[in-house]
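To start, the structure itself, in structure tokens.
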Amino acid sequence: MNDAVTANRSENTRPEPARPEPARYDFAQAEPRWQSAWNTQGCFRAPDVPDGSKPKYYVLEMFPYPSGKIHMGHVRNYTLGDVVARYKRARGHQVMHPMGWDAFGLPAENAARERGVHPAKWTYQNIATMRAELQRMGLSLEWEREFATCDPSYYGQQQKLFLEFMKAGLAERKESWVNWDPVDNTVLANEQVIDGRGWRSGALVEKKKLSQWFLSITKFAPELLAGLDTLDRWPERVRLMQANWIGRSEGARVRFDLETPVDGLTQVEVFTTRPDTLFGMSFLAVAAEHPLAAAAAARNPRIAEFITEVRSLGTSEAAIEQAEKRGIDTGIRVKHPFNGQTYPVWIANFVLMEYGTGAIFGCPSGDQRDLDFARKYDLPVPPVVLPPGADPASFAIGDTAFTDDGTLFNSDFLDGKGTADGKRAAIDALEAQGAGQGVVNWRLRDWGVSRQRYWGCPIPVIHCDDCGAVPVPQDQLPVVLPEDVDFSKPGNPLDNHPTWKHVACPGCGKPARRETDTFDTFVDSSWYFARFTSPKAETPVVPAAANAWLPVDQYIGGIEHAILHLLYSRFFTRGLASMGHLKTPEPFAGLFTQGMVQHASYKSQDGRWLAPDEVEPTADGGAVETATGLSVTISRNDKMSKSKRNTIDPGSIIDRYGADTARWFILSDNPPDRDMEWTEAGASGAARFSQRLYRTTAGAVGSLPVPGTMPAEGVGRDLRRVTHRTIAAVTEALETFAFNVAVARIHEFANAIEAAGAEDGAARREALETMARLVGPMMPHLAEEMWSLLRPDEKTLVAQLAWPESDASLAAADSVTLAVQVLGKLRSTLAVPIGTDEATVFALAEADENVQRAIAGRPIRKRIHVPGRIVNFVV
RNA sequence: GCCCGUGUGGUGGAAUGGUAGACACGAACGACUCAAAAUCGUUUGCUUAACGGCAUGCCAGUUCGAGUCUGGCCACGGGUACCA
């Protein structure tokens, strides 16, 4: 409001200049106009089932969490997707490009606790704000398909799917550990555990065992691994990360008899990938959650204390693995299946109960972690693998374990065998004496989907003392969240609700309790892409629509989702396929992962974070705080975050420069898979370029021949060559997500059009019309404005035009510049007509003055000629 | 810790194993202007008087030729199963 008053006053006091302003593109007026033109024409509507007249193309960006306002990461993500969507439409595809909201999650509950806003109200308000912001960006989205995962019409269908997973044997109840805050009486997410303490209460975190729902993703482990080979339009690194995460490994399970049974336990089983090194054993280590650890703790308070300490690390693998490696001897001993000797059983904080059997045998000479542990606790380090060429008499392990392949020694019947033979022989021996067997182990664990939270999809199950966990009957779905919930009490508001959970058992009618856990929000995002194909259906998906549109042809989102979201979606899709909802086993045929958006952050001398508009740049590249004039510390390349106050609000950028400029800068700055830095200078540079394109077009239209005039043979040859080369180059760049290169080629094109001048009107018209169409996917509003200047009598929209074709004969060059090297160093260049024969090229190159000086009379031993590229003389 | 990436001028970056720095931002100077904004032009990796030399995180290697391929380091980023 204050801003508007100031603006009016300054307009009144400063009169308009007398001479006319040069033509200036008024984005504020033009952008809404073109957006409404696209909507009126229905440019972005896709049929429920494509009619087959055009190939289908499903473009999808990862849907946003409605956190409040859109941020630059969203602008980048949705701009990238929009370029693809618009480009594919121009290439003749039937494109579906939907948008929705990943609307359940923790921040809404945090807002409820901190500010007393109901999560639903907070979420739907955020959605309204963010939808408006996305619409201002001019994205070619089909808003008719929009939904939020917190809509009962969505999560009710998800509940149906869960019941089908149960029926198919793909959901089960198991016990698992959670982070427990004993002061707030609440389960903590890993990110809410800071240095082993609850983020709000500061209490030391405990681990607590809860009975929870799991989806059986491990049943699909072999398929999920093998399926990666079919994803040839996924980044290699994402496939690698997923393969490592699934973690197939071949090895053995080995059973060790306890020397003396403890609490009825007589054996402990370990998993190892190196059964060949069993003779290098020094100790056996179990996880703190292992039954043997519990048995040992029951007799020794020091062990119990150690286990408590280990539990205070919480459940995050990063925290556990980075903690100092520690252990405690239980006093229990086990017998070696091969040599009959006994070894101590330790409890170690780096052994994970979730992996393998929760127990390992320690071979310090062949495993670095075991070696560090053995050195720390002074355990023996018997070497058993001899590196190639080493002397068995003198070989000893220092501080580095030998983990490569070698020859076994000190290993009884395995002596002399290589690593692979040794593994096989050890497994044969284990199987022969019934002490173990060869197995394939997977790192992947089942997917725990229970969350002790309110703002999520209720798990549609009723617990009955007599009937157990009973599915909610179909006719009682959806199980809707109660609205009257109390966030002032600690714990799960659903569980605290006075009446909601009390229901009759659908099986026997006796009083029973609703499940008060809700689903992990990754469940919501594991099938939304399928729901978009039939967003209003009374079934989760309509097979005809899903099978016609899926898989997603191009999925775009952050690299941070490389494993969890993408793997869960792949699993869920396989589940849906096995239950007949759809056919494709893989949800995303093409994947592009974008980098983050960063911005410089500023810190004052007294340590306060300053927002970008609170500082001013100085001549030396530094900055000062505007209010105080004191210099500030600048840190470049910081992830945009509220805590560092370095976020740039896309809304204010669009107000200032327009949507096209924001889109153009974000595309031009760097390759989209890298992290980018938002800079003021870059944004204003992009704004200048968009004005320049408009000016060039507006300035030329008066002198152009009528539309459709073909350039005469040979006229405007140079400009036409640039035009057709640019079409080819931009097309290639868009196909490969090299959007920053497309922008560079368009800059060069603009330079060439301006340099060409006005004389060849038809070639100039061709160039300008091509320009409007090439920038169409990137700056769609400006493209329409240019097109309407160039074709004032037509009603066609760039959004409806076909992509320009490059004429190879017009794009061809007739001469080429070769680099001439002597001993690989550049000494001269040589311009020759295309197709000059090799002998002539060598003769011309050798005659060159600089080349002669470099050769310095030495005899030429070898002549290398790569046509069109280089000549190299080896002397 | 483990898995996966990234590293090129003042800045963002370009470059099928073949002229490193395209294109842009910034800066400096100039034109236009009473002045400014806008716009246009010139210069701009380091070094050298010049010839030339040195330059793609660091150290090796393969090759006629390496930013690109291989090995070993360093720094930074993503993930690490309850942030989304």
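Values below: every heavy atom of this structure, side chains too, minus hydrogens, waters and symmetry copies.
The structure places CD of A:Q322 at 11.0 Å from CD1 of A:I320, a figure rounded to the nearest 0.5 Å.
Every pair passing salt bridge (Lys or Arg N to Asp or Glu O under 4.0 Å) that includes a residue from residues 62-72 of chain A is listed here, sequence neighbours excluded: A:K69-A:D649. For residues 736-756 of chain A, the pairs satisfying salt bridge (Lys or Arg N to Asp or Glu O under 4.0 Å) are A:R692-A:E754, A:R745-A:E748, with sequence neighbours left out.
Here, B:A28 and B:G78 have their P atoms 35 Å apart, quoted to the whole Å. Comparing the C1' positions of B:U70 and B:G17 gives an interatomic distance of 13 Å, to the nearest angstrom. On the P atoms, B:G57 is 13 Å away from B:G13, given to the nearest whole Å. The same atom, C1', is picked in B:C64 and in B:G30; the two are 47 Å apart, to the nearest Å. Between B:G52 and B:C73, the two P atoms lie 41 Å apart (nearest whole Å). To the nearest whole angstrom, the two P atoms, one in B:G41 and one in B:C25, are 12 Å apart.
Listed nucleotides B:U19, B:C82, B:G18 differ in distance to A:A819; the shortest reach to its side chain belongs to B:U19. Closest to the side chain of A:R869, out of B:U80, B:G18, B:G5, is B:G18.
Contact annotation for A:N872: base contact, defined as any heavy-atom pair under 4.0 Å involving a base atom. Residue contacts for A:L444: at a heavy-atom cut-off of 4.0 Å it reaches a base atom on one of the strands shown. No contact: A:F873 has no heavy atom under 4.0 Å from any strand.
Contact annotation: A:N190 does not reach the phosphate of B:C83 (side-chain N/O to OP1 or OP2, under 4.0 Å). Contact between the side-chain N/O atoms of A:T829 and the OP1/OP2 oxygens of B:U19 is not found at any separation under 4.0 Å. For the pair A:R451 and B:C82, the criterion of a side-chain N or O lying under 4.0 Å from OP1 or OP2 is met. The side chain of A:N740 contributes no N or O atom lying less than 4.0 Å from OP1 or OP2 of B:G13.
Listed by chain and number, the residues in a ring-ring contact (aromatic ring centres under 6.0 Å, His included) with A:W245 amount to none (sequence neighbours excluded). A:E849 meets the side chain to side chain contact (heavy atoms under 4.5 Å, CB included) test with no other residue; sequence neighbours excluded. Take A:F739 and apply the ring-ring contact (aromatic ring centres under 6.0 Å, His included) test, not counting sequence neighbours, and it matches A:F737. In terms of the side-chain hydrogen bond (donor to acceptor under 3.5 Å, both in side chains) criterion, A:N185 has no residue partners (sequence neighbours excluded). With sequence neighbours excluded, the residues that form a ring-ring contact (aromatic ring centres under 6.0 Å, His included) with A:F220 are A:F571.
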Nucleotide N/O to protein N/O under 3.5 Å, stretch nucleotides 48-57 of chain B:
| residue | atom | partner | partner atom | Å |
| --- | --- | --- | --- | --- |
| B:G53 | OP1 | A:R827 | NH2 | 3.4 |
| B:C54 | OP2 | A:K825 | NZ | 3.0 |

Using a cut-off of under 3.5 Å, enumerate the N/O to N/O pairs linking the protein to nucleotides 6-9 of chain B.
| residue | atom | partner | partner atom | Å |
| --- | --- | --- | --- | --- |
| B:G7 | OP1 | A:R674 | NH2 | 3.1 |

Restricting to nitrogen or oxygen on both sides, can you table the protein-nucleotides 29-32 of chain B pairs closer than 3.5 Å?
none

Protein-nucleic acid N or O pairs under 3.5 Å, nucleotides 23-25 of chain B:
| residue | atom | partner | partner atom | Å |
| --- | --- | --- | --- | --- |
| B:A24 | OP1 | A:N751 | ND2 | 3.1 |

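The ring-ring contact (aromatic ring centres under 6.0 Å, His included) test with A:F522 singles out one residue from A:Y528, A:W447, A:Y568, A:F572, and that residue is A:Y568.
Summary of the strand contacts: A:E236 and A:V874 both lie near RNA chain B, and taking for each the nucleotide with the nearest heavy atom, the more 5' one is attributed to A:E236.
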Problem set entry | For RNA chain B, the dot-bracket pattern of Watson-Crick and G-U pairs whose distances stay under 3.5 Å, | for other-strand partners | (((((((..(((.....[....)))((((((.......))))))(((....)))..(((((..]....))))))))))))....

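In summary, the aromatic rings of A:F104 and A:Y155 are positioned with their centroids under 6.0 Å apart.
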